[in-house]
Amino acid sequence: MTRILTKGLCSAAMAGLLSAGAATAEVKVGFIGSLSSDTGRSTLRGAQIAIDELNANGGVMGGQQITLIEADTGEDVTEGIKAYEYLAETAEVDFIISGSIDDVSLGWLPRMQEYQIPTLDTWTSYIGIIDMVVEDPEGMAPYFMNIASDEALATLYINFGADVLKAKMGWDSVVILAEDTAFGQAITGLVTEALAPVAGIEVKDTIIYDIGTVDFAPIFSKAQATGADFIYQVSSVNSQVISSQYVKLQVPMAMTGVNVSALGMEYWEDTGGAGGGISTLSPIPSVGFKLDPASQAFVDTYQAKYDTRPVIPHFNGFNAYHGLKQAMAAADEAGGFKDAMAWSKAMEKQDLILEMDGKMWLRYGFWGADEVEEVTQRTYPHNARFDLTSPYEDAQPSMVVIQWTEDGDVGVVYPPEYATMEFSVPSWVK
Amino acid sequence: MSTQITWKHLALWALFLGGMALLPMLVGKGTLRTIIFANYLAIFAMSWDVLSGRTGYISFGHPFLIGIGAYTTAILSYRFDVPVGISIPVAVIVTMAAGTLFFLPALRIKGTYFALVTLAFMELMYQLVQVIRPDLTGGTRGISGVQTLTRGAVNGYYLSLALMGVIAISLWAMMKTRLGTALSAIGMNEEAVEGSGLNTTKLKLFAFMVGAGVAGIGGAFYVHYLGSIAPRALFDINFLFTIIVAALIGGASTIIGPMAGAFFLTFLLEYLRPFLPGAERYFIYGSIALILYMYEPKGLYEILRKARERLTGANA
Amino acid sequence: MSQILIQGLLLSGLYALIAIGFTLIFSVGRVLNLAYGAYLMLGGYAYFWVVQTMHMPKLLGILVAIGVGVLAGLLKHRLIVKPLKSDPVAVEIATLILAVVIQAGVVLVFNDSAKIMHPIVNGVWRVGGATVTYNILTATIASWVILIGLYYFVRKTHVGRAISAVSMDVKGAAISGINPDRINMITWGLSGALGAIAGVFFASYTQLSPSMWVAPLIIAVAVVIVGGIGSIIGTLIVAHIIGFMEIISTTLVAAELRGVFTMLLIIVVLVMMPKGLFGRGEL
Amino acid sequence: MTVILELEHVVKRFGGLVATNDMSFEVAKGESVGLIGPNGAGKTTIFSLIMGEHKADSGSIRLHGEELTKLATHKRIRRGVARTYQVPRPFADMDVLANIEVGLMPDSIMAMIFTAPADEEARAIARSVGLNDADLHRDPAELSMGDLRKLELARTLATKPEVMLLDEVFAGLTAGEIEQISGLLNEKRQEGMTYVIVSHDLRSLEPLIDRAIAMTQGTFVCQGDYATVMSDEAVRMAYLGH
């Protein structure tokens, strides 16, 4: 404890000295998120590396250096609001980058609307926030989310259902195991209303479980009793409990779906290997995702700089790294962050295409306010650009399906354009 | 105990609130934002104190009451476009009704068991908000974009200060009367109060209604200040922890105590932020709270009182 | 049906193990230790660190967990319960603050992402339409062994009888030459050990996370409230009521209402029968 | 002679234990009655039943002919009966004056808020039981046992009872204090107070009472003047064991 405390005090004191020394104009970036979660750290470190690189290249906006100010939310909603206020009023930052989870972002959003500070969310994919941009384009103008929103995530999953689960595996029926949260309900709704009819998979039953469930044995028994061909899980809170019990109980039924805990490289270590066979959709770039040279360079820098978890940044780390640079570029064009509307206009135009082997691999851009996405027939203003139809020429898909094998490998299994391995069922499933 | 209200008291209140009113000219907006949270926490702590600090019925479910007030007005104004002028009073009434629900177990159980049943109330509410009508409550994500009453730190500050000031003075004046004495007496020996010919059920019910009413007012204005509401922000052990610790660290059974406690805790947490941005902050914050509580369970108020006694004693 | 029976027995065994250490303190010290859940957390993390981070034998992991639990219990008694003179409300509040401090401490040391433990015993057993992992079976057997052992310890040994005497009547026990302070200290240490073992099994069932202390605490509270100031047998019975209620509501009613039923049971029992189903019995 | 307090066939069980077994007796206005019996005879239970701290299982308890059994404790106090406790438990964090003031409070929330504390009356009561003015602003913890008993009496007197139930008023007192309290009780008696007194200290009790009621194991044994009761065979058996 003393060590950590001293370290904290020292670094704070050093930061104080440094900022006192550099009395020239500087750009202040605020980070809001949990400093003790892999998620929060991914965004924080992604932003930090981008800032280091920009500063090393002579700064931004005519040579201004960027400083990063951290505000911890502890993944607590009220602390999140306080953290946002701290960044806005005490630290007086120019731009905020967020690695917040859904309810924390929703908590501080009214503050963002009030302060009109340019803000980029890299983790939450809640479509409700994009709806807020649709409804209040002016108040939400400084807000951007550079991860595909969850509606888009789920939509691509339907194709996975048709192409792989139905066509390749030959499964006709499913039982949904969904957690009792807003996220669980939203995804369950999409699966029941879209996956089933489009892919021709019958939903035998939907079992909603309490997120505090200790013992999943009766729930798995209930799922088996429906006689469905496979289980579709929807789990964002304590997801490793359900997946590890699935593995420990060797439930003789295939399971796929959404399992948020399996999105990071630490999944294997954290579950002690009790996570083999689990597949989940993941935002891009996921673990096991082939990286373009620019993103790979980022990971190399990251690994040279940090030796604590996460060993590889989560998708939001990439989003923060590329997104922060885009935000600075937009500020360069708009003459800074002060005029939030001007910055917002410039940010909308940011478009970074990362190529791999001569073709478009990843694209960091945003949907325009009036652009209607063809598959879902709706607009996604200020949301990361994605492409829902093969061969993904406009942008990368909204998500990929990844799978952890029983020996600890992880790879992308869908869509085929991005796949590194084949979808399979665990060995104990016949 | 039952000293009369004197001009000196009123002058001190005027000095305190007047000084607070001048603060926006002296400190930055960031500090004001911090004080706003302290003001609301002070309201919650005072409300807890009326209900628990005085009567000794320790409530571990106070967030239940605050949450009911907050959710009622949030749902009414956000989902049904009810004007805030109506939704807030309705929220307060609903919270007071919930306070009576809280009161039912207090008829039969006290002490440890009462604390536990209130904790169960809070946990139940946490579960129910997510399950029942998520289309209204917003489920786990809650509601964002609830109408805010003020914009900017200064306005928010004055609103919260006015609320806290009015509540503090009203409660203080009420507790200066024989009623306050009787409520404190319940905390010391309930049978003897009943044995003095006083209807303790009625007194407790009144304390619960006042406590719930204040919690409802606080919760309703709080949500219209935050602009968002989520179950994890309200029905949470950490929130409960902050309220109780504020009341106790400051000094239960006083008005100034919970206020002082709320300010102390909020500022402690905020001033640690630049030095310890991460989880260390909660560790230090909790440890300081624990040590203070162990050192003097009656709180800062008692520590200062003793110190003053020692000083004046030394002078005399 | 057999599946409900098997799963109910397994879960209830675990719940009894979780609750017993809490009951012990409530019975002997007359205080609620709201930091009880933190014993489970400390035990679980200690085991995880020894076995999965340091790759040492599982038995050593369990022993270290017990050691940490005993130490935590003794420290808590020495530094919190004694100075507060066992005032129930003060202890409740102090232990609540302590639990929050321990939670922050665990985040500092282990960070806040959840961790899954390897099964203590590997493998599964399919029986009567239910799948039983050997891990859970071990937990249940351990729970029964510990409870029966504790029962005989309290009935047959000198220290056990002294504990039982203090639980019934502190003054009376003091008159008959028992040092209640020493007995209290032993009980806190014992409760810490039981909590830590329960923590290892609970975590191997679910996960390790800095906020994991709340769930077992609520289970323990439910058992104590529904059962009344607990006896060992009462704890066992009520753990089965709650465990079976949970399995039945999950299997036959609605899985999402699991927690709601437990909370309602607590409230209803407290309001209808404030002294619990079994009232105030000897340990 | 008007009967003020009457108990008729009162029964109280605690689980399997019969604490009060068909007790009946009457107390006349201005009378002083001693309730005697060995430890565990159920004397204190009778007080609790009269005050409503425990509810009688059956039977009738009347004050001025009015049935008390359905009334809550505080209502019985308002009807004019009050008790003291074996172990005085004053309001620990309030000074002596405030302690007495609680007994003088009106039972209405509005009145509690809008009336000033009756300090003068409290002071007068304190003086009447022999508490010094210097003690009025002390905390109960600083008082001697004798002064605690006086405070207990003062708190009880503040409710203006007609019948006082005194439980072990002499326990823990010095001879001088006993004399003082006895004198005080006699003084009040001159003013028309009715007493039911429980005491182990029979010697001190004797001069205070007109009549004694003996009970054992919750059951009535006999009654009459002190000498008659004490010479009763059954009383000697129960009380003295010979």
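Naming convention: chains lettered A, B, ... in sequence-line order (proteins, then strands); numbering from 1 in each chain. Treat the numbers as computed from the prediction; the structure is a model and nothing was measured.
Taken to the nearest 0.5 Å, the CD1 atom of B/Ile186 stands 9.0 Å off from the CZ atom of D/Phe91. Within the model, atoms CE of B/Met188 and CG of D/Asn99 stand 8.0 Å from one another, a figure rounded to the nearest 0.5 Å. Atom OG1 in B/Thr181 sits 9.0 Å away from atom CE in D/Met112 (nearest 0.5 Å).
Proximity of a side-chain donor or acceptor of D/Asp107 to a complementary backbone N or O of B/Leu198 within less than 3.5 Å is not detected.
D/Glu120 pairs by the salt bridge (Lys or Arg N to Asp or Glu O under 4.0 Å) definition with D/Arg123, not counting sequence neighbours. The side chain to side chain contact (heavy atoms under 4.5 Å, CB included) check on D/Phe114 picks up D/Met110, with sequence neighbours excluded.
In terms of heavy-atom pairs under 4.5 Å with chain D, the best-connected choice from B/Ser253, B/Ser196, B/Gly187 is B/Ser196. For chain B, the option among D/Lys75, D/Arg76, D/Glu53, D/Arg78 with the highest count of heavy-atom pairs below 4.5 Å is D/Arg78.
For chain B, no part of D/Met51 is nearby; none of its heavy atoms comes within less than 4.5 Å. At a 4.5 Å heavy-atom cutoff, D/Ala82 makes no contact with chain B through either its backbone or its side chain.
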D/Ile113 and B/Lys176: side chain to side chain contact (heavy atoms under 4.5 Å, CB included), yes or no, with the steps?
CA-CA 9 Å; D/Ile113 296 177; B/Lys176 278 280 172 198; over 6 Å; no
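Taking both residues in full, the closest heavy atoms of D/Ile77 and B/Gly195 are given as CD1-O, 2.9 Å, listed atom of the first, atom of the second, then distance. Of all heavy-atom pairs spanning D/His74 and B/Gly197, the tightest one is CB-C, 3.5 Å.
Within a 6.0 Å sphere centred on NZ of D/Lys55, other residues, nucleotides and ligands contribute more than 12 heavy atoms.
For residues 202-210 of chain B, the interface with chain D (any heavy-atom pair closer than 4.5 Å) comprises B/Lys202, B/Leu203, B/Phe206, sorted by residue number. Of residues 136-166 of chain D, those residues with a non-hydrogen atom less than 4.5 Å from any non-hydrogen atom of chain B are, in numerical order, D/Arg155, D/Thr159.
Between B/Arg178 and D/Thr115 there is a side-chain heavy-atom pair separated by less than 4.5 Å.
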